[in-house]
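Naming convention: chains lettered A, B, ... in sequence-line order (proteins, then strands); numbering from 1 in each chain.
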Amino acid sequence: MSKFYLTTAIDYVNNRPHLGTAYEKVAADVIARYQRLCGVPTRFVMGNDEHSQNVYQRAQELGIEPLAFCDRMEAEFRDVWQRLDISFDDFIRTTQPRHREAVTRLVSRIAEAGDLYEGDYEGWYCVSCESFKPEKDLVDGRCPIHQREPEWLKEKNHFFRLSRYRKPLLDHYAANPHFLEPEIRRNEILRLLEAGVEDISMSRAGQLWGIPLPANPASVVYVWADALINYASAVGYGTDEELFERWWPADLHVIGKDITRFHCVVWPAMLMSAGVPLPRQVFGHGWVHWKGQKMSKSLGTAVDPLEAAERLGPDPLRLYLTREIAFGQDGDFTWDRFEERYNVDLANNLGNLVSRLASMARRYRQGRLVSPAAPPGPLAEAAAAAVADYRRAMDAFALHRGVAAAFDVVDRANEFITASEPWVLARDPERAADLDRCLYDVGEAVRIAALLLTPFMPGSCREVLRRVGETRDAGALQLDRDAVWAAPPGAERTVQAGDALWPRIEPGKPAPGGAAAPKRTDPATRLSPTLVRDSGAGRAARAAVPDEEQSVPTRERSAVTREGRESMSEDERPGRAAEAPPATEPAAAEAKPAPAPPEAGTARISFDEFMKVDLRVGRVVQAEAVPKSKKLLRLEIEADGVRQVIAGLARAYSPEALVGRHVVFVANLEPARLMGLESNGMVLAAVDANGEPVLLAVDDPARASAGARVR
RNA sequence: GCCGGCGUAGCUCAGUUGGUCAGAGCGAGCGGCUCAUAUCCGCUAGGUCCGGGGUUCAAGUCCCUGCGCCGGCACCA
């Protein structure tokens, strides 16, 4: 591969980036840096998704231009990414002219291919979701996610003929087994494709904030389609053919696992339609959860994950995110765990190793180590094995295993020191060569470990390399050439002493709240002063954003799950392409003629057959909502006894309203399980025009009481 | 309900395409060293890799099934 172009999802700018977002950027950055370490020309692009109605509305509330608001947020995002040492090569914003050009071009191509058609759509639209909501999804007329009243919109939309690409997509998946990873995600998409996909709406009418639809400038390109195209526009699609030829197709899209449908169904279909080559691979990563941390700004218990970077340094956070969480799976972040990993990996192992080496080098050899003629010790072999493991893991995006391999070298080195007992060798002049061998080898092992860890902890590793006498610029080092054991006789290295790289911290001290946390020196500062940017600008930018910025509806979306842990995933990413409507977009589905109502009595049954149905009057003695269910009620119905029946009445009837009522139900229906509950019967109801149930009433319950036969 | 995931040492979790995979870290216990950030090194956990079948010369690792959690989609029995 002659180049590597990778991207992350672009982010909505409603809120500041949080840990979940940061996780994605860090992981992608590690991959980008690894590619560079391998000597592959790499282009790493991130950016912001700005054409959201939320942005427009927020700007109006603030009395500023939307673009000014986006500028402000961009500064904030960039500040965060800088503080995490994210090495993106370009930062795209969907409001930029180059993006507008690209979107216009790509959508035009799709139209030219005959894949865009006009259709009417009307329905409830939740601005916070940026998507249409089927009536059935509303709770008390509100969006269940945002507790917000949707708007009734009727508009002419342009639909993308996604359905046409079902087969081509399936073929593509068959021909490219690694197009989507990890495998679980691939299987999900495959099933989805096999089940069939609907055309989806690609435009919004009457919007001011967005990119005009070429075919109908009164509309704008739907924000999700707009957002996806960023990957192409960032490398010059429609504006810089040379750049585009150089980098496209993308080699990897790093995205959250929930937006795989967009990136693995819609996006490739759009590209197919427009005649643009498909990206080579998509990786859907998992979520970072907060455990035991209920975020609440008002209670002052909110934790800004980026505070972690400020507290222990960006590199320890980067290490945590990539080492503790198997890439592709979900993981947890807790302060305790974070500090534990910091102490174990950095303070006790790597940091202490560097420290003990420096100390011995200075004490026994005035800091100057020379490789003796004797052959290298066992560390050489261990390092070679680790490098091999590392490469294998990194090439497969098994970031967590890649770091583990690097730390294996650290462990081996610590063990080696203990086994060699250099302090004993130092007392015996006859064994000077053994001591030289030992110290030089440890230095070499540290050098290689630091080299391998460079993608994960760039700033720290630069310093570690410097301390073990690496004089070349860290950015110039390459795996092939430099991750090999190099200790020829006579080779020299000067070990530099210095303060503890990562001072050990006492467990349990720093309170998650932050304010109470002991102030400690930022290790990154001592590691590399240039690494840590002055965050003053960032703070100013933050301060400029009104506080309610944090607690807008999007905040409430972070539903606390039953364990009280909070998902930091897409639920909390208010913006992003991720939040665009699902692939089986309701808008599209409903654009088609509604399915005909079920024909009544097409096939007739005999009287005997009918008589098999045991219809009874029953009295509801108890009723309650079925947890997690939108429509189901759990009823206890008295007839010939009391039985449990699960009925889909919740939308039309409250449990209280049912207790005491007499209903008609099928008594001899075979049991069924709904939502895990057994239902023994079926309550009869008529269905109104909206599909809502209307219970059948018993005219005179006194005469036809519970248990009475119905015929 | 459908689809998927998970269920591995006290705790938190790793375990690519089946064969040193029965592991790591933390915690606990014992011991060693002193170069080091009271750090490091070694030993100790007798884990039915959720239960039950099956495929295989060989299965945490594949198939079926049961149970328990979790997620998405469902939800008018």
Below the 4.0 Å mark, does [N] have OP1 or OP2 next to a side-chain nitrogen or oxygen of [X]?
X      : N     : answer
A:H400 : B:G15 : yes
A:R363 : B:A36 : yes
A:Q329 : B:C6  : no
A:S359 : B:A36 : yes
A:N349 : B:C40 : yes
A:R337 : B:C26 : no

[N] and [M]: how far apart are their [atom1] atoms, nearest whole angstrom?
N     : M     : atom1 : value
B:C50 : B:G60 : P     : 10 Å
B:G23 : B:C30 : P     : 25 Å
B:A28 : B:G10 : C1'   : 9 Å

Chi-based syn or anti call at B:G60, which uses purine or pyrimidine torsion atoms and a 90° bound: syn

Closest to side chain of A:R356, choosing from B:C75, B:A36, B:A77: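 Looking only at side-chain atoms, A:R356 lies closest to B:A36.
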
Heavy-atom pair of closest approach, residues A:Y440 and A:V370: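 In terms of heavy atoms, the two residues are closest at CD1-C, 3.7 Å.
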
Rounded off to whole Å, could you give me the [atom1]-to-[atom2] distance for the [X] and [N] pair?
X      : N     : atom1 : atom2 : value
A:F416 : B:C40 : CZ    : P     : 19 Å
A:L193 : B:C3  : CG    : C1'   : 15 Å
A:I417 : B:U39 : CD1   : C1'   : 12 Å
A:D330 : B:G7  : CG    : P     : 13 Å

Passing candidate, ring pair (Phe, Tyr, Trp, His ring centres under 6.0 Å) with A:Y320, options A:Y23, A:F333, A:W335: A:F333

Sugar-phosphate, base or nothing in reach of A:V424, heavy atoms under 4.0 Å: nothing

Check: A:R186/A:T260 side-chain N/O donor and acceptor closer than 3.5 Å: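 Judged by distance alone, the side chains do not pair up.
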
